[in-house]
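The next block holds one structure in the form of structure tokens; read it before the comments.
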There are 2 protein chains.
Amino acid sequence: MGVVETSTRTIVVPRSGATVAHRNGGESRYARPKVAVDTVLFGVAERRLKSYLVQLKRGTNAGRWAFPGRLVRVGELLDTAARSELEASTGLDDPYLEQLFSFGDPTRDPKAHVVSVAYMALSGDPERVAACGSKYLAGRWFEVAALPPLAYDHSVIAAYALKRLKAKLEYTNIACNLLPRSFTFAELEELYALVLGRALDRRNFRRRILAMGLLRRLPQKRHGAHRPATLYEFFPRSLRTIEML
Amino acid sequence: MGVVETSTRTIVVPRSGATVAHRNGGESRYARPKVAVDTVLFGVAERRLKSYLVQLKRGTNAGRWAFPGRLVRVGELLDTAARSELEASTGLDDPYLEQLFSFGDPTRDPKAHVVSVAYMALSGDPERVAACGSKYLAGRWFEVAALPPLAYDHSVIAAYALKRLKAKLEYTNIACNLLPRSFTFAELEELYALVLGRALDRRNFRRRILAMGLLRRLPQKRHGAHRPATLYEFFPRSLRTIEML
DNA sequence: CCAAAAGTGTTGGCTCTACACCCATGA
DNA sequence: TCATGGGTGTAGAGCCAACACTTTTGG
């Protein structure tokens, strides 16, 4: 048995020679790495930055947590594959999605050479994420600061994604994809502080953000336990990412 | 005939159904996109930013120019594949190399679904680039501002690479990989002006670069037609790229 | 009326840009 | 000696960080 199809990966046992040749076109000459997409989905809940993991059902990594991903099919766009897998495992229909980097170390999956194109996705309301489907044992949010051991090289991917998120928070309006439609300045500031891992000066933050002219002040206020806060929203969402530099 | 091996790409005719199934594991279920690396090599020569192209020998794109690239083999690191292909087509042994982005549109190559992991490479002495080998019809430097029509989606890759180069020039010391070991301030400034496409203030530029503390002043001077210029070199090359922010 | 979060300006330091003249050499 | 590219300083503007008190509401 040279080829095993699991729910997550097509596994080709390497160097098994002629027995595999008729299945996959020949190990030595025609065997090729496969392409997968893996998506790091970020969201903010309970005042923490979280990321969504699924628990693998089969393979050497059965039982371990990983980012939702799958092999790419012929004819499929990479983005489309990432989106469809994400929708299948979280129900999110149209999240912000951005390609990060491709990881191609042949040993990242000990059973097959799979090149993973890593993506980052952002969700504005983690509560709405549902059903991991039958493909995985489970799926849930984990605090980014305390991820469990991950399958494959997914901890490397996690670190890369977080780095990218931090960087883009500073010079783009990417934050709008991590917030609900309307929000208070305090919430926006908390998001920045959460992701960047440091406190921000409220007055300077407010000035800086307003200077960008990306926010629209709403007439409503949010009423809580104390003084009500003005609500804001980002200008048309279609400006998905503005590079501010 | 469902599968054709050319020198550059394994071409799988899509949607040809059962006749192909035994060759490649079955179109519908097991057929997978292949992975290639394509590398945009930059260099400066004759006071122009140039990039190295090779002329394809076979396939639908025979005769067209493209960046050196090939399919990745099972067991191969992406970086290794990019380096080995680059060395094969230019003779460069250890250039600066950086992964850019993966392009996976199934229509980018009309004959097969190949996901291309694009790389950028930099050479400090374009003159030394030799021999394109027998794989390509030809290979030579083209001015970046005047590239010929390119094969596949390589013009998209070219644009992406140039954008990345410009960006990193501003916040890293990546420039050291585009210059010979020692150089004058005028040469460094010219490089920046060339890549960024705008003139720089000589005094401000000098101040800014020196403030970074990455240059070592050499005792020698370069003697030309007029006043000799002080030579500099970057501190140990091993600091390949310093992120300056 | 009190607790708690929302909202608001000013100042000093630093950085960046704009700008013009003298210097050293080879021919 | 002259043509040419090498080398240098300063002043004004804009930007950013530091910093504390008043306002508004719910309870």
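Keep in mind the model is a prediction, meaning the values are calculated, not measured. Letters go in sequence order (proteins before strands), and every chain restarts at 1.
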- Item | Steps toward side-chain hydrogen bond (donor to acceptor under 3.5 Å, both in side chains) verdict (B:Ser182, B:Arg222) | CA-CA 10 Å; B:Ser182 66; B:Arg222 167 157 312 162; 4.5 Å; no
- Query: B:Arg217 has an atom CZ; how far is it from atom C1' of D:dT8, in whole Å?
  - Reply: 12 Å
- Query: Is any side-chain heavy atom of A:Glu233 closer than 4.5 Å to a side-chain heavy atom of A:Leu218?
  - Reply: yes
- Task: Can you figure out which of C:dG7, D:dT25, C:dG9 approaches the side chain of A:Arg207 most closely?
- Result: C:dG9
- Note on the structure: From CG of A:Leu210 across to P of C:dG7 the rounded distance in Å is 11 Å
- Query: Distance under 6.0 Å and angle within 45° of the ring axis: does B:Arg140 meet both against B:Phe142?
  - Reply: yes
- Query: Roughly how many Å is it from CG in B:Leu200 to P in C:dC16, rounded to a whole number?
  - Reply: 14 Å
- Note on the structure: Side-chain atoms of B:Pro228 come closest, of C:dC19, C:dA3, C:dT25, to C:dT25
- Message: If only side-chain N and O atoms count, and only distance matters, is there a donor-acceptor pair under 3.5 Å linking B:Asp38 with B:Tyr152?
- Response: no
- Side chains of A:Lys166 and A:Leu169: closer than 4.5 Å at any heavy-atom pair? no
- Roughly, in whole Å, what's the span from CZ in B:Arg227 to C1' in C:dA27? 18 Å
- Message: Would you say B:Thr230 places a side-chain N or O within less than 4.0 Å of OP1 or OP2 belonging to D:dG6?
- Response: no
- Message: Given the structure, check if the side chain of A:Arg203 and the base of C:dG7 hold any donor-acceptor pair shorter than 3.5 Å.
- Response: no
- Between A:Arg202 and C:dG7, does any side-chain N or O lie under 4.0 Å from OP1 or OP2? no
- Message: For a quick check of understanding: with a heavy-atom distance under 4.0 Å over all strands, which category does A:Thr184 fall into, base, sugar-phosphate or nothing?
- Response: nothing
- Task: Check the distance between C:dG7's P and A:His226's NE2 and give it to me in whole angstrom.
- Result: 14 Å
- Message: In whole Å, I'd like the distance from the CZ atom of B:Phe205 to the P atom of D:dG9.
- Response: 18 Å
- Counting side-chain heavy atoms from C-beta on, which of C:dG9, D:dG7, C:dT8 comes nearest to A:Arg206? C:dT8
- Message: Using whole Å, what does the distance between atom C1' of nucleotide D:dG6 and atom CG of B:Leu188 come to?
- Response: 15 Å
- Task: Rounded to the nearest angstrom, tell me the gap between atom NE2 in B:His223 and atom P in C:dA24.
- Result: 13 Å
